[in-house]
Every structure is written in structure tokens, then in C-alpha cells.
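As the structure is a computational prediction, the values presented were derived from the model and not from experiment. So you know, we letter chains A, B, ... as the sequences are listed, proteins then strands, and number each from 1.
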Amino acid sequence: MADPASNKNGTARLADLKAKAGYVPVIRRNGFVYAFLSLLVLYAIFLLPAKGSPETLDLGRIILFCLLLLVWAILIFTDELKPEKMKTVIVFTIFIIAAWLYYRYSTARWGEMGFLFFNLEMIQKAWPTLVEGFWTTLLLAVCAAIMSTIIGLLLAIFRSFENRVLNFFIIAYVDFFRAMPIIVLMMLIYYALPFMGIRLSAIVSGILALGLNSSAYVSEIFRAGFLSVKKGQIEAANALGLNPIQTMRYVILPQAFRVVIPPLVGNYVASAKDTALASSISIIELLKAGLSQKSLLANPSPLIFVTALYLIMFVPLTRFSGYLEKRMKASQRQVRL
Amino acid sequence: MNDAETMIEVVDLHKHFKDLHVLRGISTTVKQSEVVAVMGPSGSGKSTFLRCLNRLEEPSSGHIYIEGVDILAPYIDINRVRTEIGMVFQSFNLFPHLTAIENIKLAPMSVRKLSDKEAVDRGMALLEKVDLAEKADTYPEQLSGGQQQRVAIARALAMQPQIMFFDEPTSALDPEMIGEVLDVMRNMAKEGMTMMVVSHEMGFIKEAADRILFLVDGEVVEDGTPDHIFNRTTHERTLEFLSKII
Amino acid sequence: MSTRPDNTHKFVRTHPSWSVWLRRPPVVALSFALLASYAVFLLPSAETESSLLFYLNINLFILYVLFCTGNVLADGKKPESLKMLVALALIAIMCWLFYRYSGAEWHRLREFFFNWEKLQGKWWILWQGLEVTLLLAFISGIGSVLIGLLVAILHTLHSPTLNFFLRVYIDVFRSIPMIVIMVFIFFALPFMGISLGSIVTTVLALSLGYGAYATECFRAGIESVHTGQLEAARSLGLSRWKTISKIILPQAFPVVIPPLTGILVAMLKDTAVASIVAAPELLKRARELYTSETNPTPLVAAALIYLMVLIPLVRVVNVLENKLGKKRSR
Ligand SMILES: Nc1ncnc2c1ncn2[C@@H]1O[C@H](COP(=O)(O)OP(=O)(O)O)[C@@H](O)[C@H]1O
Ligand SMILES: [Mg+2]
């Protein structure tokens with residue numbers, strides 16, 4: 001490739017190519033991978049500190065081991081030519097090694113693990129409170145959703161009138177509630193307002209804070225929906241002789257809905273997740289129920305159960321809203337490098 | 001097998017997309033400096049065929065020898081093979097965040113490890129060749145389709161490939177721009193570049209191509225000189241297709 | 001002179017639509033007269049027992065107000081000055097309603113909400129809290145961006161096994177509320193022999209949680225780069241890593257920046273949750289002051305500080321997103 005003007009003297013370059021085609025960089029060779037692995041094994045046998053809680057220096061040795069392991073894995077994963085089976089095996093190997101390291105060096109009392117974590121008896125004891133907490137969470141989520149939809153829709157409609165005075169106030173409202181952390185808002189409403197004579201129950205405070213916060217986002221979503229319908233569409237509808245109601249019914253709403261529904265669902269899910277914050281103002285919702293039972297029984301089982309419950313509830317919801325959003329996007333390509 | 005002569009040899013190439021059998025056993029050879037046109041109805045697998053040859057798609061089975069090297073062998077560094085094969089796409093695929101000259105010099109600098117000066121010199125020479133020297137510092141979105149495609153050709157040539165693939169290089173162009181791109185390709189053919197061109201530009205093929213591969217449903221139904229295919233073929237599918245595009 | 005047939009009847013409105021009828025000046029005037037009489041005669045007095053009827057009555061009034069004002073504001077033909085007047089009236093009515101029915105004792109506002117004397121010499125506590133908040137946000141911000149970038153790039157390797165675990169990571173941390181992550185790390189992990197301080201807990205929770213969001217955002221950015229770009233790069237012989245660093249990331253970044261900024265701002269907001277695990281950040285310090293002074297002024301001050309920091313950021317995010325939206329629609 002030294003000679004720039006060569007397309008014809010292929011033979012010289014052919015030899016070059018042939019010489020190099022079989023050349024695999026050292027770090028990509030299988031031998032290297034296995035050598036590295038045996039090095040790791042040797043390290044594990046001879047250099048890793050003894051069982052038990054590690055000292056600072058030993059900690060360094062453990063961390064170095066982890067880093068080496070990581071480098072080894074990355075070398076394999078970035079190689080397109082390594083078979084997928086090998087990569088699968090390696091993922092699991094790493095999990096096993098991590099578990100082993102944890103087992104070896106953590107101070108956990110292994111004998112009590114079952115008692116501490118998956119203690120059905122404790123969960124049974126906590127069950128009534130947890131169920132109550134679940135219903136409270138649901139109540140908070142639903143009420144906040146309804147409240148935010150009503151307020152958000154009204155705000156979006158009045159925003160669409162393009163009145164400068166009104167817009168100023170609406171924008172201020174939206175910015176205020178988008179900038180204010182929900183937990184701060186809750187505490188203001190629950191702890192500060194009573195000093196002014198506005199006494200709201202914990203539940204109402206929670207709903208109010210969640211709903212106000214969410215309404216700011218909902219109004220933006222609806223606004224985007226209204227704006228997404230192009231002027232040309234309305235003109236086209238007018239040109240067809242549709243009256244305002246028909247235009248709304250057949251042209252604007254169907255188009256706006258397609259834009260509004262996915263983020264709206266996403267917002268409800270986010271707002272439902274935020275109900276967990278209500279535990280900070282002593283509402284016994286799911287998280288608070290788990291926490292209080294944990295302290296009462298001196299056993300983390302309820303808390304772990306609650307976390308699992310959040311997972312079970314929200315993984316499908318998050319996935320669903322993600323699916324809606326994906327479907328909204330026109331083209332959806334997989335990237336393959 | 002005579003290495004100096006044969007640039008590409010394909011043996012019984014198959015490609016499946018899940019259940020879809022797109023290439024059904026293609027075998028052919030391309031000699032040095034040969035210009036091979038690939039024709040066939042839409043969806044017959046022309047693009048897939050070319051993309052298998054530089055492994056942008058992974059073939060399901062078969063063998064591909066580029067300059068005598070089996071590029072499907074496990075030890076092959078496919079990036080090195082690709083540097084030997086320039087590819088020009090229907091949609092140009094210039095990198096929009098880089099200027100014309102930056103587009104061209106990127107690969108020589110980062111793959112061939114040329115210095116900035118060498119790469120720019122080479123790039124300017126190539127831009128000169130495709131008649132776009134004055135557009136060196138322009139971003140792709142400010143270039144016309146024909147100009148973009150010529151920059152894309154220069155970009156592929158900057159790696160000094162042995163082989164050039166063209167996948168419908170003029171299909172996305174307005175009629176008045178097709179000529180300028182074809183001119184560049186014609187010159188390359190004259191200079192002895194080995195080329196595989198998916199195209200339906202009859203004039204260009206008649207003049208520049210040495211051979212035509214006619215693909216239908218992933219199979220080579222005819223393989224012959226332009227004269228043979230255009231004037232003396234008796235194959236039913238070929239005739240049907242030709243009657244549509246003329 | 002040609003004699004054309006008279007076609008006027010074809011175009012005359014025979015059934016005036018109700019929206020036209022509603023917008024005629026006398027009807028508008030009447031609606032506002034009704035509004036005034038409703039306010040004077042039907043609205044309950046502030047002292048009455050708050051029953052369901054009470055709230056229904058007020059809400060009905062609000063709806064009617066919105067209807068009357070909306071009717072004027074939505075009409076393109078009404079003069080601008082009238083609309084301005086109506087808008088001001090709407091705002092005034094809303095403020096008045098709140099003033100009258102919220103049950104607030106307004107004279108206490110000064111004493112309990114803006115009692116700056118109570119904070120004299122104690123502002124440094126809040127500033128310290130703010131420092132901690134910003135520090136937490138900064139470190140976790142870096143952490144989450146790094147995690148997001150790493151996971152997104154690992155995703156492009158397209159190894160099914162790896163992708164499965166990456167997917168699990170993303171799903172888990174996007175699904176569990178941030179406060180639950182923190183509480184779990186802080187209150188449950190010690191039973192497993194892993195005790196982390198409140199600061200480490202917060203940083204870990206925020207980085208992992210928002211790392212999952214950042215991943216999604218980077219992935220969307222990477223996917224927004226057209227496949228043709230990858231093919232062109234790969235056919236030039238650029239390696240996978242070169243393709244990512246020279247072609248994909250430069251093109252993905254403009255797409256990624258606005259949502260990423262949004263995520264980071266959301267993270268800054270969520271640092272307030274760390275007060276639950278006793279991280280000494282702004283909200284926690286304010287609550288301590290609130291307890292020791294038995295006066296909510298520190299809470300109000302903290303809220304104002306949050307607003308001062310976050311409103312400009314929220315505005316920035318807004319502008320960035322609008323810009324992106326415009327670019328997309330082009
Ligand atoms: N990535 C892909 N996944 C699934 N099917 C594909 C893919 N690429 C191409 N195909 C299918 O393969 C067939 C041949 O495609 P292509 O090679 O692009 O045809 P041509 O270029 O001749 O028009 C088509 O039916 C197409 O739908
Ligand atoms: Mg094609």
C-alpha cells in the first residue's frame with residue numbers, strides 16, 4: 001500500500017494481504033485468553049487474601065483481581081470472532097466468581113440468611129399491614145392521576161389560547177412544579193401549611209403534592225399533543241367543510257391522541273412510582289408499611305418483600321409504557337456493528 | 001487457480017434471513033480488472049449478494065475467496081478484507097458530521113495510519129479526480145446528490161482498494177446528476193479497477209461492463225457479456241425484465 | 001349583462017352552529033352577569049362547615065368561570081384588549097377563591113413562613129446542605145453517565161447473553177422507585193454484611209438508578225444514527241471501536257444531550273430523597289432546623305433554594321428539548 005497509484009500491481013499487495021490475513025493480534029488469540037485465565041486462577045490461589053473480612057491492603061488485592069477479571073471479560077466480549085457460547089459461559093463464570101468472592105469476604109452471618117431474608121413467617125406477620133399499604137399506594141396513584149389529568153388538561157387548553165398574561169402564569173405554574181422536588185413539596189404541605197391554619201390529612205397532602213407535580217408534566221404533554229397537529233391539517237379539514245366539532249373529532253383528536261397517550265402513560269407510571277415518597281410524611285403506603293414492619297419485627301424480610309413487589313408491579317408497567325413509546329416512533333431499527 | 005487473474009471467487013453461497021432463503025447457491029468468479037454488472041428484479045438479492053461479499057451480512061454457507069483468501073475462515077480479520085473492497089451505497093452514507101475531506105481522510109488515517117498531511121494530499125488528489133476539489137471543506141448536507149455520491153466514491157478510493165462494489169449508485173439521484181457519477185465510474189473502469197456494479201443504467205453497462213450477472217430470486221439465471229444478454233438472450237425471465245426497464 | 005342564476009342560498013348558513021351563537025356579545029355579557037350573580041348569591045361563605053356540598057358548589061363555580069373565560073379567550077374575533085381583561089379577571093377570581101376558601105390564616109404568613117430572624121446566623125447550615133446536595137448530584141451525575149455510556153456500548157456488541165443481563169439491570173433500576181432503592185441499600189443490605197454510609201448509599205443509588213435511564217437515552221441516540229452510516233464505516237474497514245468513537249458517538253451526542261440533561265436535572269431533584277437515609281443534604285438540614293426552631297421557615301427557605309437552583313435548569317432543559325423537536329420535525 002506504499003505506492004499510491006497502484007490498482008494494477010495487485011500481486012505485490014496480494015502477498016502482503018496473504019501474509020497478514022492469517023495474522024491475529026496477540027490479545028485476540030485463543031492461547032492468550034487461556035493463558036490469561038490460568039494467570040487469574042494462579043492469582044486466586046496464591047495471592048488472594050485468606051477468608052474473612054479483609055484489611056485495606058488485602059482489599060487492594062481483591063480489587064486488582066476483580067479488575068483483571070473484568071479486563072479478561074472485556075477482551076473476549078469485544079471480539080466478534082469468539083463464539084457466542086464462550087461468551088455465555090463467561091458471563092456466568094463472572095457471576096459465580098463474584099458470588100464466591102462475596103461469600104468469602106463478607107461478614108454476613110450465613111447461617112441466618114434464610115431467617116433474615118426469606119422468612120415467610122415474618123412476612124405473614126406483616127401481611128395485614130402490607131396489604132393495607134398496597135391499597136394506600138393504589139389510592140394515592142389513582143387520585144393523583146385523576147387530579148393531574150384534570151388540571152393538566154385545563155392548563156393545556158388555556159395555554160392554547162395564546163394569551164400573554166395567562167401564559168405567563170401557566171408557565172410559572174408549570175416551571176414551579178417541575179422544579180420543586182416532590183418530597184420537598186410534600187413536606188411543605190404536610191409540615192409547614194398547618195402553621196398557617198391549613199390542616200390537611202397526610203393522605204390529602206400526599207395526593208395534592210403528587211397531583212400538582214404530575215399536572216405540570218401532563219399539561220406539557222397535552223400541549224405537545226395539540227401542537228403536533230399541524231396547521232395544515234386544520235386548514236385541510238376546513239377546506240373539506242368540516243365544522244369545528246367534526247374537525248376536533250375526526251382530525252385533531254385522533255392525531256393528538258397518538259402523540260399524547262405514550263408519554264401520558266409514562267407519566268402515570270412515574271407518578272405511581274413517586275407514591276413511595278409519601279412514606280416521608282408518615283403515610284403508611286407500601287414502602288412505609290415494609291419499613292415499619294421491618295423495625296417492628298427486627299427482620300428485613302418485609303422490606304425485601306416490598307422491594308420485590310415494586311419490581312413485580314412496575315417492570316411490566318415500565319415495559320408497557322416503553323413499548324407504547326417505541327411504537328409511536330416511526331422507524332425502529334436495530335443497530336448492529 | 002490462477003491468483004493473479006482471479007480477484008473474487010464465490011462458491012455455492014447461501015444466505016437465509018430467518019425463514020427467507022435470499023441467496024440460493026451463487027457461484028461465480030470475477031477476474032482482475034473485470035467490470036461485472038449485477039442485474040435483476042427488486043428483491044432478488046443483489047444487495048444481499050454484494051453485502052455478503054464483504055461480510056456486512058454474514059453468509060449462511062458457502063465460500064468466498066477474495067484474492068485467493070477464504071474470507072470466511074475464522075482467523076480472518078474482516079476489517080483488513082474490507083479495506084481491500086471499496087463500497088458505494090445507494091444512499092451515499094456520507095458521515096454528516098464531517099466535511100468532504102474529513103470524510104475521505106478518516107479511514108486512511110485511522111486504519112492505514114497515514115499522517116494527516118499524506119491523507120489530505122491523497123484526499124485532495126481524489127477530489128480532483130472526481131472534480132470536486134473546491135468542495136473539500138463543505139458538509140454533506142450542502143452538496144447535491146451527485147456531488148455526495150462522488151465524494152462517497154472518493155472516500156472508498158482513498159483506501160486504495162483492489163475491488164469496488166457499487167450498490168445502485170445512481171438510483172437515488174435526479175436524472176441530470178446521474179451522468180457525472182457514471183463518468184467517474186467509467187474512468188475507474190478504464191483504469192483497470194475490478195468492479196461489481198448493481199445498476200440498471202443500460203448505457204453504462206453496455207459500454208463499461210465486461211459481464212452481466214442476472215439474478216432472479218437469489219439464483220444466477222444468466223451470466224454473459226452485455227451483447228449476449230441484451231441482444232441474443234432467450235431466457236424468459238431475462239427478456240421479461242429487460243422489456244420492463246427499456 | 002349576463003344573467004347568472006342566484007346561488008346565494010347555497011352558501012347562507014341555515015343552522016347557525018352553537019359555537020357561533022355562544023360567542024355573540026349579548027350571550028357573553030349575559031354569561032358574565034350570571035357569573036357575578038353566582039358569586040354574590042350562591043357561593044358559600046368562608047365560615048360555613050366544609051361539607052361535600054360546599055366543595056361541589058365551589059368546583060361548579062370554578063368550572064363555570066373557566067367556561068365563561070374560555071369562551072371569550074378561544075374566540076379569534078374578539079379584540080385583544082377584551083381578552084387581556086378576561087385573562088386578568090380569571091387570575092383575579094382564582095386568587096380570590098384561594099384567599100377566601102383555603103382557610104389560611106394569612107396574618108401568620110410572616111411569622112411562620114418568612115421569619116428570617118429565626119434563620120439569622122444559621123444560613124450556613126443550609127448552604128452546607130446545598131453544598132452536599134450539589135456534590136452528591138455531581139458525583140452521581142458522572143457515575144450515571146459513565147454507567148449509561150458503558151452499558152449502551154456493551155449493548156451494541158449484540159451478545160444475547162450479555163444483553164439479557166443488561167436488560168435486567170435496566171428494567172430493575174427503572175422500575176423501582178429511587179426512594180426504595182435507597183431504603184433497600186441503607187436498611188436491608190446491612191443484614192447481608194454490606195453496610196454503606198448514607199453518602200455512599202445515595203451516590204450508589206442515584207448512579208445505578210439514573211445510569212439505567214442514561215443507558216436508555218444513549219441507546220436511543222445510538223439507534224438514531226442511520227444503519228447506512230455503520231455500513232459505510234464498516235465497509236471502509238474501520239474497526240468496531242473506531243466506528244463507535246468516530247462515527248456513531250459524534251452523531252449520537254446532539255440527539256442525546258437534551259434528554260440526558262433532563263435526566264441529570266431530575267437526578268439533582270432526587271437528591272432530596274437522600275434525606276430519608278440521613279444524608280446531610282439541603283432538605284435534611286432544613287428539617288433539622290425546622291425541628292429545633294419549631295418554625296417552618298427553614299423548610300420554606302430550602303424550597304426557595306431548590307427553586308432558585310432548579311428553575312433555570314428546567315428552563316434550559318425545556319429550550320434544549322424544543323430545539324431537538326424542531327430539528328426532528330424538519
Ligand atoms: N436484514 C434483512 N432482514 C430480513 N430480510 C432481508 C434483510 N435484507 C434483505 N432482506 C430480504 O432479502 C431479499 C433480497 O433483498 P435485497 O438483496 O435488498 O434485494 P435487491 O437489492 O435485489 O432489491 C428481500 O426479499 C428482502 O426483503
Ligand atoms: Mg438493493
Write out the donor-acceptor pairs between chain C and chain B under 3.5 angstrom, atom names and distance to 0.1.
| from | atom 1 | to | atom 2 | distance (Å) |
| --- | --- | --- | --- | --- |
| C:Gly228 | O | B:Asn93 | ND2 | 3.0 |
| C:Gln229 | NE2 | B:Leu94 | O | 2.8 |
| C:Glu231 | OE1 | B:Arg51 | NH1 | 2.8 |
| C:Glu231 | OE2 | B:Arg51 | NH1 | 2.6 |
| C:Glu231 | OE2 | B:Arg51 | NH2 | 2.9 |
| C:Lys242 | NZ | B:Ser110 | O | 3.1 |
| C:Lys246 | O | B:His97 | NE2 | 2.9 |

From C:Asp270 CG over to C:Leu264 CG, what is the distance, rounded to the nearest 0.5 angstrom?
12.0 Å
Would you check if B:Val69 and B:Ile66 make a side-chain contact, meaning some heavy-atom pair closer than 4.5 Å?
no
Please name all residues satisfying ring pair (Phe, Tyr, Trp, His ring centres under 6.0 Å) with B:Phe204, sequence neighbours left out, ordered by chain then number.
none
Examine whether an atom of B:Ile85 lies under 4.5 Å from a heavy atom of chain C, and if so say whether it belongs to the side chain, the backbone or both; otherwise answer neither.
backbone
Would you please name every residue forming a side-chain contact (heavy atoms from CB on, under 4.5 Å) with B:Ala136, sequence neighbours left out?
B:Ile101, B:Met124, B:Leu127
Show every salt bridge (charged side-chain N to carboxylate O under 4.0 Å, His left out) that has at least one partner inside residues 160-171 of chain C, sequence neighbours left out.
A:Arg319-C:Asp171, C:Arg167-C:Asp171
Taking every heavy-atom pair that is under 4.5 Å apart, which of B:Gly86, B:Pro108, B:Ala107 has the most such pairs with chain C?
B:Ala107
Ring centres of C:Tyr169 and C:Phe165 under 6.0 Å apart?
no
Pairwise side-chain contact, C:Thr202 with C:Thr271, heavy-atom cut-off 4.5 Å (strictly under):
no
B:Phe89 portion near chain C, given a 4.5 angstrom heavy-atom threshold:
side chain
